[in-house]
Amino acid sequence: MSEKIYLYPVWIRLWHWFNAILCLLLIITGISMQYSDPAYPMIRFDWSVSIHNIAGIILALSYICFFLGNILTPNGRQYFFRKGIVKNLISQARYYAFGIFKGENPPFPITKEHKFNPLQKFSYIFVMYVTIPLVILTGIMLLYPDFLVIDFFGNKALHITDILHVMMGFIVSLFLIVHIYFCTIGHTPLSNFKGMINGYHETH
Amino acid sequence: MIRNIYHILGVVFFFSLFLFQPNNIQAQTDQAQRISEYAEDNQLCFSCHGQANYYYQNDWIEKKVKERMNPYFIVDSVEYYESNHWNFSCRDCHSADYGEFPHSGQLRMEPKFTCLDCHAGDEQFAKYNFEQIDEDFHKSVHSSKHSEDFTCWMCHNPHSYKINARTNENMADFIQYDNEICLTCHADISKYQLLTTMENPNVLVTHNWLPNQVLHFKKVRCIECHTQINDNILVAHNVRPKEEAIKLCVECHSKDSRLLASLYKYQFTNERSITGFSNEAMLEESYVIGANRNYYLNVISIGLFILVFLGLCVHAFLRIIIKH
């Protein structure tokens, strides 16, 4: 019999799904622009540009909500590391690589105080506090290239900014795939997805 | 110690001002230093045609008279000596009889030269392929809609025109110069209506659909989208009707970008650079999304995607197998 813990308050669930839709839109339109080809058009280039720009601005606003939410609510504490970071990371990685197949119990069971395991915490911090801010910053620079990039750093800065933006976008895409896969590791393959809809996490 | 560092920095900054002068400043200095061998002869013409007002002694009324020069007959001497025709005498192209004042009424009938009168069939100008330019120009909407009224001089003022595509190393200047040629008429109703009774559309409004409009206007020339490219000439002259203008973004924003056959034709090299960028010729001046891709980054990202995907598939497979 599984136990249910209320882990995800409404604002986090709303922000999460909203953020997921925006990220998907940005990734699809981003790929469509970066690899545009008249012979194999994915999405019309001008539509991609418009959708990408609008979704990017909304993502930046949504990130401010996430940031403020984590400052103003106890949820921010979930992103603090416990002592022995490296040891904990290795222990969690070992579990995913071997322990899970041997039927071992997870080394860091999910509780109300610690809803992320060390690997989750590490990847979420990296994505939410390094990658997303960088992708937003470079995105704003690309949105106003004449004003923010060329005037201060010259023409060459534009492609360096864009490469950085594309690289960060790539990391977000990779994260998305890994994130979706690891969400299937729950009480049932769909229980974590349901949890992000109703707010309750089912323990093993 | 700190004072010494300031001194060193001061000296470095001072010399850097000379070291990092843009190329076009050097070019301007070169232009300013050249003196036409006909400067003295031409000065006679510029004394009237180089100014808004001219003066002459009217023997009938025995008085010095001030008259306004017809604006279409004013030639800016500074622009002239910076232009391609700088080392010509006015009388090379205009009748020597203009040396007399008042000019004879007969001189109004003087035929005007066209570009091909001097530039056709001359080996010195073979690389410009003026014959092909002329052929393309006659196919263009400018020539076909306006017939003989529209001549080369409409865009290329012989008294001020200077070639850009091969010589100007400052791409921003080169683009601005070329676009100003179009805007001379297309942004000025009085000039536009010299040839037509149509209303001149507002260029900013008609290009409203263009994302990042200001950036496009600064980074590409009007002719990039409004002409049919001809591989035999550097600058396309077959301006198409507005309905045929390129509106498909991927024509430029793709690996086989149209810009390589137009704006960057002179710089274009087909080889991938050492840094792995496709269409590197563009990178000096701009970054064109879709056209500039990095080969190595592409390979690494695709490789990583495949590795992660395979890793997850193996993990999922093992989970399913072991569960059963």
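To find a chain, count down the sequence lines: A is the first, B the second, and so on, and within it residues start at 1. Side chains are part of it too, since the values below use all heavy atoms of this structure and drop only hydrogens, waters and symmetry mates.
For Leu297(B), the part lying under 4.5 angstrom from a heavy atom of chain A is the side chain only. Contacts of Thr184(A) with chain B are made by both backbone and side-chain atoms, with heavy-atom separations under 4.5 Å.
Between chain A and the options Leu248(B), Leu318(B), Val308(B), Val214(B), heavy-atom pairs under 4.5 Å are most frequent for Leu318(B). Among Lys102(A), Arg44(A), Met33(A), the residue with the largest count of heavy-atom pairs under 4.5 Å with chain B is Met33(A). Among Val49(A), Val166(A), Ile177(A), the residue making the largest number of heavy-atom pairs under 4.5 Å with chain B is Ile177(A).
Using modelled atom types, one side-chain atom of Arg293(B) and one backbone atom of Gln34(A) make a donor-acceptor pair closer than 3.5 Å. In this structure, Tyr181(A) contributes its side chain and Phe309(B) its backbone to no donor-acceptor pair below 3.5 Å.
To the nearest 0.5 angstrom, Ile31(A) atom CD1 is 9.5 Å from Ser301(B) atom OG. We find the CG-CG distance between Leu143(A) and Asn212(B) to be 7.0 Å, quoted to the nearest 0.5 Å. The distance from the OH atom of Tyr144(A) to the CG atom of Leu215(B) is 13.0 Å, given to the nearest 0.5 Å.
The environment of CZ in Phe67(A) is sparse: at most 12 heavy-atom neighbours from other residues, nucleotides or ligands sit within 6.0 Å. Within a 6.0 Å sphere centred on CZ of Phe122(A), other residues, nucleotides and ligands contribute 12 heavy atoms or fewer. Around atom CH2 of Trp47(A), no more than 12 heavy atoms belonging to other residues, nucleotides or ligands sit under 6.0 Å away.
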Practice item. Evaluate side chain to side chain contact (heavy atoms under 4.5 Å, CB included) for Ile321(B) paired with Phe101(A), printing each intermediate quantity in order. Key: CA-CA 9 Å; Ile321(B) 294 286; Phe101(A) 304 118; over 6 Å; no
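The shortest distance between side-chain heavy atoms of Phe305(B) and Ser173(A) falls below 4.5 Å.
Of all heavy-atom pairs between Ser254(B) and Asp37(A), the closest is CB-CA, 4.3 Å. Contact record, Phe45(A) with Ile289(B): CZ-O, 4.1 Å, taken as the closest heavy-atom pair. Closest heavy-atom contact between Val250(B) and Ser36(A): CG1-CB, 3.5 Å.
Residues Tyr96(A) and His315(B) have side chains that never bring a donor and an acceptor to within less than 3.5 angstrom of each other.
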